[in-house]
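The chains referred to below are lettered A, B, ... by the order of the sequence lines, with proteins before strands, and numbering in each begins at 1.
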Amino acid sequence: MIRFEAVEKWFGQHQVLAGVTGEVKRGEVVTLLGSSGSGKSTLIRTVTRLEDIQGGQVLFEGVDVAGRGVDINRLRQRVGFVFQAFNLFPHLTVLGNITLGLKRLRKMPKAAARARAMTELDRVGLADKADALPSRLSGGQRQRAAIARALAMDPDVMLFDEPTSALDPEMVGEVLRVMKSLAQNGMTMVVVTHEIGFAREVADTVWFLDKGQIVESGPPAEVLDDPSHARLRSFLSRRR
Amino acid sequence: MGYVFDPAAVLTGQYLDWFIWGVATTIALTVAAWLLGMTLGIILTLVRTLPFRPLEWVVAGYVEYHRNVPLLVQILVWYFGVPQLLPRAIRMWVNGHHSEFLLAMVALGLAKAAYITEDLRSGIRSIPKTQYEAARSIGFNYLQAMSYVILPQALRIVIPPLINQTLLLFKNTSLAMAIGVGELTYRTREVDSYTFKTFEAFAVATIIYLSISFAIMALGAFADRRLKLELR
């Protein structure tokens with residue numbers, strides 16, 4: 001579904017992605033591990049062209065996302081993106097955040113958009129917060145609302161950029177539970193995270209990035225329990 | 001001395017009518033110029049944030065002209081200058097339809113737009129870039145992201161300076177008397193010259209200006225309370 005082919009990305013003189021090649025298959029949950037600065041967030045941001053790349057290709061359903069004929073706005077509707085800092089729209093209620101795309105892009109009538117939004121809110125356990133402003137929610141609730149917002153657009157794949165890194169420890173669980181149930185329902189997911197437990201339990205494949213390259217990849221049991229790469233060993237030992 | 005302060009003398013018969021017409025014209029001019037200024041201010045803001053440098057320079061030039069040339073001069077240019085550039089048919093039409101009101105509205109509205117776009121730009125700058133990214137990630141194009149996500153927030157942030165701009169606009173409508181718009185100041189001068197009750201006439205005008213100003217401030221404060229962004 002998503003293919004990275006020798007992807008290179010530079011920020012000025014600094015190379016963040018140094019030839020990343022890998023594939024995310026439909027229905028697969030891929031977890032990206034790596035220390036900060038390893039390029040994992042940048043990598044998933046290239047899928048929807050939040051970051052442009054300088055070398056290689058990112059293919060979505062076999063089509064180069066930077067290709068000439070690609071309507072990036074249409075592509076983004078098919079790819080849900082969840083940010084570390086939630087990025088809910090503070091001037092809209094939780095419901096308003098979710099219905100905005102449905103009404104304006106999907107041209108759904110108000111009632112249908114509302115019903116759709118409530119389904120998603122129910123799924124993330126926030127139906128009772130529909131009319132609250134984001135400022136009235138806890139961090140965990142905000143992130144679940146952000147996930148509902150992305151899900152409402154009915155994406156083919158969900159990208160998560162450190163979805164629990166900005167949360168207080170006691171709120172991490174509720175967000176991970178939502179993500180886990182998504183995975184169990186067959187959603188294709190790419191998750192940048194520091195939650196080794198989540199990777200072990202939910203992921204089909206783990207990619208370990210170091211200095212802008214995937215240095216190790218495979219099923220979590222293999223990669224996490226029997227790491228061959230020294231960097232991964234030290235990364236894991238710091239997080240036990 | 002022997003001056004008797006007698007406000008009732010200017011609030012009777014045709015003088016009262018003049019005041020009422022004056023107030024109505026002042027309010028109409030304020031509202032019309034405000035709407036024009038807001039609309040154009042928003043458009044200019046969208047244009048100047050487009051990733052195309054020359055447009056930014058055009059807007060910057062627009063802003064500097066309107067900020068640095070006296071408003072009265074701008075009004076006079078619009079009234080005495082611009083119509084001459086128009087095709088005859090349009091000129092005739094405008095002249096037959098209260099051209100002084102129309103052109104004062106245009107002059108005031110265009111000048112206001114320059115200030116509003118400056119306020120809006122600083123409002124937009126204070127919104128985190130991640131909001132724009134989130135909007136684009138849902139699938140909105142640039143214009144949609146601006147109109148549904150960024151501008152609604154920026155407008156809320158700049159309500160206090162916008163109240164200030166509205167007050168200035170309201171008071172500046174009095175400059176339109178220079179081209180014969182029958183607004184409150186013009187009518188007050190008229191009452192004054194008919195009655196020689198200078199203090200009474202201007203006392204009435206002052207009280208009217210003050211009341212409307214206070215009403216604008218109260219309305220603005222209400223809007224600010226209701227719409228203020230809760231960020232934390």
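- Contacts between B:Leu229 and chain A at a heavy-atom distance below 4.5 Å involve the side chain alone, from C-beta outward.
- With a 4.5 Å cut-off on non-hydrogen atoms, B:Gln131 touches chain A through its backbone and its side chain both.
- Scanning residues 148-173 of chain B against chain A with a 4.5 Å heavy-atom cutoff picks out B:Tyr148, B:Val149, B:Pro152, B:Gln153, B:Arg156, ordered by number.
- Proximity to chain B is limited to the backbone of A:Leu88, based on heavy atoms less than 4.5 angstrom apart.
- Checked for salt-bridge contact, B:Glu64 and B:Arg67 meet the test: a charged N lies under 4.0 Å from a carboxylate O.
- The two residues A:Lys40 and A:Leu32 make their nearest non-hydrogen contact at O-CD2, 3.7 Å.
- Ranked by heavy-atom pairs under 4.5 Å with chain B, the list A:Arg49, A:Arg76, A:Arg78, A:Arg45 is led by A:Arg76.
- Here the side chains of A:Leu126 and A:Gln141 are in contact, with some heavy-atom distance below 4.5 Å.
- For B:Glu56 and B:Arg48, the salt-bridge test fails: no basic side-chain N is under 4.0 Å from an acidic carboxylate O.
- Residues B:Ile75 and B:Ile179 meet the side-chain proximity criterion, which asks for heavy atoms closer than 4.5 Å.
- Counting non-hydrogen atoms of neighbouring residues, nucleotides and ligands closer than 6.0 angstrom, the CZ atom of A:Phe11 exceeds 12 such neighbours.
- Residue A:Val65 comes nearest to A:Ile72 through the heavy atom pair O-CD1, 4.2 Å, listed as atom of the first residue, atom of the second, then distance.
- Counting only N and O atoms by type, the side chains of A:Asp64 and A:Gln57 include a donor and acceptor under 3.5 Å apart.
- Enclosure of atom CZ in B:Phe214 is not indicated, since only 12 or fewer non-hydrogen atoms of other residues, nucleotides or ligands lie within 6.0 angstrom.
- Heavy atoms of A:Leu133 lying under 4.5 Å from chain B belong exclusively to its side chain.
- Judged by a 6.0 Å distance limit and a 45° cone about the ring axis, A:Arg149 is positioned over the six-membered ring of A:Phe89.
- Of residues 95-116 of chain B, not one residue has a non-hydrogen atom less than 4.5 Å from any non-hydrogen atom of chain A.
- The local environment of CE in B:Met217 is crowded, with over 12 non-hydrogen atoms from other residues, nucleotides or ligands closer than 6.0 Å.
- Residue A:Val82 does not touch chain B at all, counting heavy-atom pairs closer than 4.5 Å.
- Counting non-hydrogen atoms of other residues, nucleotides and ligands closer than 6.0 Å to CH2 of B:Trp34 gives a total of 12 or fewer.
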